[in-house]
Amino acid sequence: MSQVPTLAALLSQLVVDAADRAGHAGVLDTVEPATPTNNPKFGDYQSNHAFRLGKALRTNPRKVAETVKSELTDHPLVDRIDVAGPGFINFHLNPTAVAAHVALQTASSTAGIPQAGANHTVVIDYSSPNVAKRMHIGHMRSTIIGNAFHRLYEACGWTVVADNHIGDWGTQFGKLIVSWHKDLDKERFAADPIAELERLYVAFGTWAEEDPSLADAARAETAKLQAGDEDNTRLWKTFIEISLREFESVYQRLGVEFDVTLGESFYNDALPGVVDSLLDAGIAIEDDSAVIIDFPEDHPVRAVRNRKLVIRKSDGAFLYGTTDLATLEYRLKEWSPREIVYVTDGRQQLHFTQVFEAWKTWRTSRGLSTDDVALRHSWFGTLKLPQGSMSTRKGNVIRLVDLLDEAVSRSRAVIDAKSSDLPDHERAAIAEAVGIGSVRYADLSQNPQSDVIFDWDRMLSLDGNTAVFLLYSAARCFSILRKVGVDASTLDLSVAAPEHPRERELVLALARFPEVVAIARQSHRPNLLCDHLFETAQRLNRFYAACRVIQKDGIADPSRLALVALTGRVFRSGLSVLGIPVLERM
RNA sequence: GCCCCCGUAGCUCAGUUGGAUAGAGCGACCGCCUCCUAAGCGGUAGGCCACAGGUUCGAUUCCUGUCGGGGGCGCCA
């Protein structure tokens with residue numbers, strides 16, 4: 001299971017080795033990976049190593065580049081090396097060798113993706129909806145982006161613990177229990193339990209506006225539940241069970257799976273101990289009969305300066321931050337992760353910074369290290385409706401199922417128009433894959449941190465840079481292989497020898513796939529992978545338009561056929577990392 | 001008031017964490033199917049990267065300030 005290196009890693013290693021031979025060993029402690037050039041006249045890949053070396057050595061980077069170049073050894077992948085401009089080292093690659101390299105990459109079980117996470121565990125906390133309500137499009141981003149991280153980390157060799165930290169505790173249960181006793185419609189509950197729960201929850205808000213005593217009743221029910229009251233506990237469990245079943249149906253369609261679902265309630269018993277420990281350590285203090293963590297005005301992290309985090313309310317109840325601290329401790333103890341990733345809305349930035357900083361202080365105070373785990377709040381931009389923010393209580397929500405259904409139905413209309421020859425059941429399957437894939441891709445293809453104004457047509461577009469284009473491009477590859485009648489798994493893919501410019505462009509994109517996955521994982525930006533697959537698809541289609549694979553006599557060009565098979569494999573890997581199942585035809 | 005994000009083509013957004021001549025989709029206009037899927041391909045038009053300084057071989061990217069937009073700041077999550 002030897003690892004196939006990326007072109008970026010391989011070429012930068014050549015430069016580093018040459019620099020060492022030129023007497024520059026140990027000058028720099030980090031290696032800047034080679035990157036593709038933005039213009040073919042500068043070759044295929046470039047190294048900017050000489051700039052950094054030149055800076056460190058206080059020498060002209062151009063001279064450094066020349067020296068390094070003179071020490072560079074021959075490599076089968078490299079046809080020619082130029083030094084250009086102020087000190088760029090440009091690599092002109094050998095297309096046939098690159099194709100052979102791609103053949104090695106795609107043949108490996110890891111698709112050639114660097115296994116940076118081997119022997120490491122990451123906990124990813126994502127989706128995390130609240131119980132007793134159906135998921136709406138506000139839950140979409142955490143679910144889809146979080147799942148993309150899940151897949152990216154796995155592709156990079158990490159052991160992933162995907163944890164759905166559901167909101168299964170809190171004051172909403174008191175409200176729901178009051179409504180349940182007041183107005184439960186048994187028939188509706190039997191027919192559609194989650195819809196009835198949601199109705200009861202919304203109804204409570206309406207009633208409470210006219211009858212303030214209901215709020216007290218709700219608080220009393222919440223307190224009873226927290227005290228372990230049998231009836232309320234039974235109801236609470238029912239609510240959770242119904243909700244999880246509802247969530248599961250959406251997750252299945254979206255291709256989302258969790259390893260554990262440990263909601264807030266799981267940590268209830270640990271909360272008093274957390275607060276006591278923080279009080280004992282002098283990190284938390286009592287203030288107005290609540291317990292808070294105060295961050296001083298000279299705290300090294302500017303964002304938390306003069307901010308306070310309440311960890312126990314004056315009525316003795318615990319909060320979100322308390323649970324988060326308990327959850328953090330549990331995850332460390334249980335899985336010893338190298339990283340913990342929290343995928344939430346950007347509005348929680350301050351909250352998580354407070355939790356992380358409080359935890360560091362707390363842990364240090366116990367003589368423990370905080371260096372063995374990286375905490376990453378991977379926030380995403382807010383999704384808003386054109387009319388403003390959503391609220392189940394106000395009733396202005398778009399349910400996730402409705403979005404998915406609409407996506408599938410729009411895809412179905414297109415398929416019926418374009419592929420009427422396919423059997424009905426296959427068209428239905430294609431519509432599902434295209435519809436769901438489009439929703440996933442629409443979210444993943446932009447920078448996660450950008451805000452989004454929800455727009456049906458934009459979200460469900462089937463033109464341009466969308467999942468459809470990628471699926472279509474992959475299907476074109478499979479179609480050629482099918483037509484030739486070869487078994488792609490037994491085909492000799494080492495015979496690809498790109499000659500035409502469109503072939504060369506394509507094979508370079510294929511070679512780059514593994515390094516893009518690594519970058520997307522590291523930087524938490526699935527859109528970089530989307531961009532690259534889109535670019536690959538464009539190149540495939542340009543190649544397709546310019547180069548025939550199956551000649552007029554019906555015989556396939558072996559080199560081009562291998563190139564098509566390699567492209568199909570890269571699409572398969574890439575789309576699977578995005579959670580979009582490929583289609584053999586469409 | 002303090003803190004965090006954002007400002008790139010008519011619209012929606014990318015931009016590999018500082019690299020060479022800033023890209024894509026949509027929309028507009030002009031072309032391409034007797035040929036492996038036209039859900040495709042080729043071409044044209046469209047830019048003071050909000051503005052002003054600074055850092056250096058090099059800035060859309062980093063720093064400072066200004067203007068404009070969004071968000072957060074003690075008992076919700």
Side-chain angles (χ1 to χ4, degrees), chain A residues 8 33 35-39 41-42 46 48 51 54-55 60-62 84-88 90 128 130 167 170-172 264 287-292 294 297 302-315 317 319-321 323-324 344-351 353 379 381-382 384 414-415 417-419 434 445-447 449-453 455 457-458 461-466 468-469 471-473 475-476 479-484 512 515-516 519-520 522-523 525 527-528 530-532 534-535 538 541-542 544-552 554 556 560 564 585-586:
Chain A
T35 54
T37 59
N38 60 6
N39 188 325
K41 84 172 184 203
F42 299 129
Q46 67 185 53
N48 302 331
F51 292 113
K55 187 162 284 185
N60 181 340
R62 172 85 197 198
F88 297 102
N90 293 334
S128 309
N130 286 327
T171 51
Q172 76 263 35
E264 291 166 11
D287 191 274
D288 286 340
S289 72
V291 177
I292 63 162
D294 197 359
E297 65 181 339
R302 190 194 300 250
V304 299
R305 286 176 189 171
N306 292 317
R307 297 281 122 86
K308 298 157 179 38
L309 177 70
V310 180
I311 57 171
R312 194 176 73 200
K313 303 205 283 188
S314 41
D315 66 2
L319 291 120
Y320 185 32
T323 313
D324 279 337
T344 84
D345 188 292
R347 287 174 298 192
Q348 296 188 36
Q349 279 177 88
L350 173 59
H351 171 79
T353 310
W379 57 271
T382 310
K384 279 183 288 199
V414 177
I415 290 151
K418 302 209 182 216
S419 305
V434 167
S445 59
Q446 64 183 308
N447 188 319
Q449 300 193 335
S450 305
D451 286 337
V452 178
I453 309 249
D455 178 77
D457 290 334
R458 201 159 94 71
S461 165
L462 301 173
D463 301 315
N465 185 359
T466 65
V468 176
F469 184 57
L471 290 169
Y472 173 76
S473 307
R476 278 189 143 177
S479 169
I480 290 176
L481 294 166
R482 198 165 48 239
K483 199 145 279 185
V484 174
R512 185 138 197 274
E515 58 198 65
V516 172
I519 294 168
Q522 201 280 328
S523 62
R525 279 184 300 175
N527 62 305
L528 297 180
C530 293
D531 274 358
H532 182 259
F534 177 64
E535 176 71 30
Q538 283 182 318
N541 283 295
R542 284 178 201 140
Y544 188 96
C547 307
R548 285 202 61 88
V549 178
I550 302 171
Q551 306 299 335
K552 293 240 164 66
R560 287 180 176 170
V564 164
R585 53 181 179 176
M586 58 188 284

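The sequence lines fix the lettering, A, B, ..., with proteins before strands; numbering per chain opens at 1.
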Minimum-distance nucleotide (side-chain atoms of A:Leu350 versus B:C73, B:C13, B:A20):
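For the A:Leu350 side chain, the nearest candidate turns out to be B:C73.
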
Looking at B:G19, B:C2, B:C5, which one has an atom nearest to any side-chain atom of A:Arg307?
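So the nucleotide nearest the side chain must be B:C2.
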
Just checking [X]: base, sugar-phosphate only, or nothing, at a heavy-atom cut-off of under 4.0 Å?
{"X": "A:Lys483", "value": "sugar-phosphate"}
{"X": "A:Leu319", "value": "sugar-phosphate"}
{"X": "A:Glu264", "value": "sugar-phosphate"}
{"X": "A:Arg305", "value": "nothing"}
{"X": "A:Asn90", "value": "base"}

Would you please determine if the base of B:G40 is stacked by A:Tyr472, with stacking meaning a centroid separation under 5.5 angstrom and planes under 30 degrees?
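So A:Tyr472 does not count as stacking on the base.
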
Aromatic ring of A:Tyr544 stacked on base six-ring of B:G40, 5.5 Å, 30°:
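Stacking is absent between B:G40 and A:Tyr544, given that the ring centres and planes do not meet under 5.5 Å and under 30°.
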
Is a donor-acceptor pair below 3.5 Å formed from side chain A:Asp287 to base B:G74, judging by atom type as modelled?
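For A:Asp287, whose side chain was compared with the base of B:G74, there is a donor-acceptor pair (under 3.5 Å).
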
Starting from Watson-Crick (N1-N3 plus N6-O4 or O6-N4) and G-U wobble pairs under 3.5 Å, report the runs of at least three that RNA chain B belongs to.
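Expected stems, ordered by start: B:1-7 with B:67-73, B:10-13 with B:23-26, B:28-32 with B:40-44, B:50-54 with B:62-66.
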
Let me know, please, whether A:Lys55 or A:Ser479 comes out on the 5' side of the other along RNA chain B by nearest nucleotide.
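Whichever sits nearer the 5' end wins; that is A:Ser479.
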
Quickly work out the [X] [atom1] to [N] [atom2] distance and round it to whole Å.
{"X": "A:Asp531", "N": "B:A22", "atom1": "CG", "atom2": "P", "value": "18 Å"}
{"X": "A:Asn306", "N": "B:G72", "atom1": "CG", "atom2": "P", "value": "20 Å"}
{"X": "A:Phe51", "N": "B:A59", "atom1": "CZ", "atom2": "P", "value": "12 Å"}

Just confirming the chi classification of B:U8, syn or anti, using 90° around 0 as the syn window.
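With its glycosidic angle more than 90° from zero, B:U8 counts as anti.
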
Using a 90° cut-off around 0 for syn, call B:C33 syn or anti.
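In terms of base orientation relative to the sugar, B:C33 is syn.
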
